Structures are given as C-alpha cells and as structure tokens.
Amino acid sequence: MNILVTGGAGFIGSHTLIELYKAGHTALVVDNLYNSKEEALTRVAGILDIDHIPFVKADIRDREALEKVFSTNTFDACIHFAGLKAVGESVAKPLEYYENNMNGTFVLLDVMRRHNCKNIIFSSSATVYGDPAIIPITEDCPKGQCTNPYGQTKSMLEQVMIDLQKADTEWNVVLLRYFNPIGAHPSGRIGENPNGIPNNLMPYITQVAVGKRESLGVFGNDYPTHDGTGVRDYIHVVDLATAHVAALQAIERKQGLAVYNIGTGHGYSVLDVVNTFMKVNNLTIPYQIKPRRAGDIATCYCNPAKAEKELGWKAQYGLEEMCRDSWNWQRNNPNGY
Ligand code: NAD
Ligand code: WQD
C-alpha cells in the first residue's frame, strides 16, 4: 500500500517508516518539522538503503498544501502521527494544543474523504483512560477524565473519528492507544530527540547517562505500588511501529472501526526502569526522590490480548532491550540529530 504518514519525521513516525518499507509498503511524509528534523528521514532512508523517503514539508492545517499532496499522489491509507504531545506545555498553552491537534485532524479528514481515501490509523494514547477504572486496562475500560488539554484532544479526536465512521461506513478507522513508547532502532541511528528539558522518564535518564543532566528526579515514592514509584507499561518503539503494519492488514480486511491497546502488558516502576538501565548498560544513574508530579497516576498498564487476537501483533522486546537501545541511540547521538 502507499501510505500518507503525517508527522513521519517524529520519534514514532520515523521508526514506523522503517517497518512499513520492510513490509513492502511505500510512504510519503507530511511534517512541518515543528518537533523534528529532516535528518531523521535521511537516516531512515540510509537504514533502508533506499535513495530517499518522499517528503513534503507542510502543516496539515494548510488545506491547500494537503490538497496538492493528494492531487499528485494516490494513498491507500493514512497513518496520522502529526500533533503536539507535551502534556505540561498543553496545560500552559491550551489554545495552541486544541488548535493544532483538532484543526489539523479536521483538515486532514476532510481532504482525505474528498480524495476518497477513507482508511486511517490514529495515534491515540493510554491517557484517554485517565486514572483507569480497571488494571490491566482492556479496551472496554471506560474512558476517564483527562487532566490536561493534550489528553482531551486525543479523547475528542477518537470520538470525531468514531462518529465519522458511523456516518460513512466506507471508512476504516483504527485507533491505537499507545502506552509508554521508549527505546530506539537497534542501529542507534534514529531515536527520540526532545527539545529542551525532557518531560518523559527515559530521555531524562539517557541525558543523565550522557552527562547533560546531573541527576534524575523520581516523582514520588509513596504510591501504592511495589516500591512506591509510578508503574507504567513501557513499549519498545520498534514494537509500536510493527503494530501499525498489523493495523494496515486489518484495514485491508475492511475492519470498520477498531480500538487497540498497544503495550506489553507488563508494569514497571520508575526504579525498575532506572535499575534495569544501570544493569544493562553498566552505568550509574544518580537520582533523588522528589514530590509527586501533578496529574500523575500510580499505575497504568494494559491487557494487550485484543491486539494479539485480532491483529496477530504482540510486543517482542522487553525492558532490557528498551534500555539498551535507548542508550545506544543517545550515546551515538549525544546532541540528537
Ligand atoms: P513527535 O513530536 O516526535 O512527532 C510528531 C510529529 O508531528 C513531529 O515531527 C511534528 O513536527 C509533527 N507535527 C506536529 N504538528 C504538526 C502539524 N500541524 N502539521 C504537520 N506536522 C506536525 O511525537 P511522537 O512521540 O512521535 O508521537 C507521535 C504521535 O503519537 C503523536 O500524535 C502523539 O501524541 C502520539 N503519542 C505519543 C506518545 C509518546 O509517548 N511518544 C504516546 C501516546 C501517543
Ligand atoms: C513515566 C513515569 C513519572 C520523568 C506521558 C503522557 C502520556 C503518554 C506517554 C502521550 C511516571 C516518572 C518521569 C522524570 C519521573 N504520551 N518520571 N521522573 O507520564 O506515564 O505518560 O507519556 O500520549 O500521555 O502523560 O510518562 O515518561 O513522563 O513518566 O520520576 O523525570 O516516570 O512520574 O511515573 P507518563 P513519563
């Protein structure tokens, strides 16, 4: 299939491109490079040993630019990664987040249907469950109260696409709720490249390891978990990437609407991650216990059985590989791209 990949220069998009091409698909990326570098696409092409990844630098809110992309290409499906994703920033800049994520998706969906491309895989998030009512989380767990505008955009956009598919059943909509993606391509040539101080745990750890930050703050050790620190379902980004390939197969089978949790089903605490990172990479990560971070929950991990049953997809990598590959990327690219 030929796939439009919005936000394809980003962390998850760049890894997904590799798995798409390996599975025999082709892609064109539309990205405004707000949170990414074109160099990522050059490296993806290098890993795949191809000349280049077709790329249009454009904002998906730019209808004219998108119309042009659709008039000059034929797409079988779109994988829609483009969006702003920093939770804290979304609290400070709600209008910018609602405007970018909602409007960008509205324009994209409208241009897609005008060009009769009615297959979409959407990057949703475990954040839609809020403080989950059931652990491990299954897809029928009720959506919860999101504590930030970023999460609200994911929850609302899911609903927009559910309603769209209900109104026009020619659409195939696959909502993938990612848990906590970390790791990097085993080549160490592409990986996560956050701007400024990382908000997320793994990039913070790797920046401490590479000497850019002094010590990790562990946000709270009084949660009701096995060691008091927050528990999450970390998933290797390469596993996340292959989930998109599996979702495309579901689209080929005309799945209609489908929702999947994309995680490993294992919950690891902050200290589990820190200790595994130190052991696997033979490094010391200094850390200090800090107060809880506002909006955090104690425990979040999924039951990924539905994705295995219906998509034939299952995560292959464990926490050790995630820690090894995150460090391999950071060590080889101390300043990112
Ligand atoms: P990322 O920031 O690395 O990638 C997103 C890409 O979208 C960037 O390259 C950015 O430049 C681009 N973009 C943003 N707004 C755009 C616009 N209006 N027009 C064109 N391009 C635009 O993020 P990521 O970690 O690769 O995440 C990809 C998707 O997955 C996002 O939608 C994110 O919300 C979602 N997600 C991420 C995580 C995570 O922890 N990384 C978890 C759950 C869901
Ligand atoms: C993981 C654990 C922290 C940093 C976020 C979004 C979610 C999704 C994935 C997009 C928590 C602790 C963290 C640090 C720490 N993204 N921590 N010190 O919060 O589970 O999820 O990213 O959809 O929507 O909310 O991920 O990596 O920020 O935190 O102790 O410096 O690590 O408290 O327990 P989170 P995270």
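In this text the structure is predicted, and so the values were computed from the model without any measurement. Read the numbers this way: they start at 1 and go in the same order the structure lists the ligands and their atoms.
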(request) Mark yes or no: Arg232 above the aromatic ring of Tyr268, with NZ or CZ under 6.0 Å from the six-membered ring centre and no more than 45 degrees from the axis. (result) no
(request) Can you label the angle between the Phe122 ring and the His80 ring as parallel, tilted or perpendicular, going by 30° and 60°? (result) tilted
Could you list the donor-acceptor pairs under 3.5 angstrom formed between side-chain atoms of residues 237-244 and any protein atom two or more places apart in sequence or on another chain?
residue: Asp239; atom: OD1; partner: Gln316; partner atom: N; Å: 2.9
residue: Asp239; atom: OD2; partner: Gln316; partner atom: N; Å: 2.9
residue: Asp239; atom: OD2; partner: Tyr317; partner atom: N; Å: 2.8
residue: Thr242; atom: OG1; partner: Asp239; partner atom: O; Å: 2.9
residue: Thr242; atom: OG1; partner: Trp313; partner atom: NE1; Å: 3.1
residue: His244; atom: ND1; partner: Leu240; partner atom: O; Å: 2.8
residue: His244; atom: NE2; partner: Tyr178; partner atom: OH; Å: 2.7

(request) Starting from atom 27 (O) of ligand 2, find the nearest protein heavy-atom neighbour and note its residue, name and distance. (result) Leu201 N, 2.8 Å
(request) Validate the cation-pi geometry between Lys290 and Phe219: distance from NZ or CZ to the six-membered ring centre under 6.0 Å, angle to the ring axis within 45°. (result) no
(request) Can you sort out which atoms of ligand 2 are near Gly217, meaning under 4.0 Å from one of its heavy atoms? (result) 14 (C), 15 (C), 18 (N), 30 (O), 31 (O)
(request) Have a look at ligand 2 and work out which part of Tyr150, if any, has a heavy atom under 4.0 Å from it: side chain, backbone, both or neither. (result) side chain
(request) Report the member of Lys154, Lys85, Glu99 with the shortest heavy-atom distance to atom 24 (P) of ligand 1. (result) Lys85
(request) Below 4.0 angstrom from a heavy atom of Arg232, which ligand 2 atoms are there? Numbered from 1 as shown, please. (result) 1 (C), 11 (C), 20 (O), 34 (O), 35 (P)
(request) For atom 21 (N) of ligand 1, state which one of Asn195, Val128, Thr6, Asn32 supplies the nearest heavy atom. (result) Asn32
(message) Tell me the protein heavy atom at minimum distance from atom 8 (C) of ligand 2, and give that distance in Å.
(response) Ser125 OG, 4.0 Å
(message) Suppose I only count heavy atoms of Val218 and a 4.0 Å limit; which atoms of ligand 2 are within that range?
(response) 30 (O)
(request) Go through ligand 2 atom by atom and flag the ones less than 4.0 Å from a non-hydrogen atom of Gly230. (result) 34 (O)
(request) Flag this pair as yes if the NZ/CZ of Arg292 is under 6.0 angstrom from the six-membered ring centre of Tyr223 and inside a 45 degree cone about the axis; otherwise no. (result) yes
(request) Using a 4.5 Å cut-off on heavy atoms from C-beta on, say whether the side chain of Pro286 contacts that of Val208. (result) yes
(message) As an exercise, identify every atom of ligand 2 less than 4.0 angstrom from a heavy atom of Thr127.
(response) 24 (O)
(request) Show which atoms of ligand 2 fall inside a sub-4.0 Å distance from at least one heavy-atom site of Asn199. (result) 4 (C), 28 (O)
(request) Please write down residue, atom name and distance for the protein heavy atom closest to atom 30 (O) of ligand 2. (result) Phe219 N, 2.9 Å
(request) Please write down residue, atom name and distance for the protein heavy atom closest to atom 31 (C) of ligand 1. (result) Phe81 O, 3.1 Å
(request) Could you tell me the residue and atom name of the protein heavy atom closest to atom 2 (C) of ligand 2, and the distance to it rounded to 0.1 Å? (result) Tyr234 OH, 3.5 Å
(request) Would you mind finding which of Tyr150, Tyr234, Phe11, Phe179 brings a heavy atom closest to atom 36 (N) of ligand 1? (result) Tyr150
(message) For atom 41 (N) of ligand 1, which of the options Ala126, Pro181, Gly7 provides the nearest non-hydrogen atom?
(response) Pro181
(request) Run the salt-bridge test on Asp31 and Lys57 with the 4.0 Å N-O cut-off and return the result as yes or no. (result) no
(request) State plainly whether the residues Lys306 and Glu139 are in salt-bridge range, i.e. N to O under 4.0 Å. (result) no
(message) Need the ligand 2 atom indices (1-based, order shown) with element for anything under 4.0 Å from a heavy-atom of Val87.
(response) 6 (C), 25 (O)
(message) With heavy-atom distances below 4.0 Å as the criterion, list the atoms of ligand 1 near Tyr34.
(response) 11 (O)
(request) May I ask whether Gly8 places a heavy atom under 4.0 Å from ligand 1? (result) no
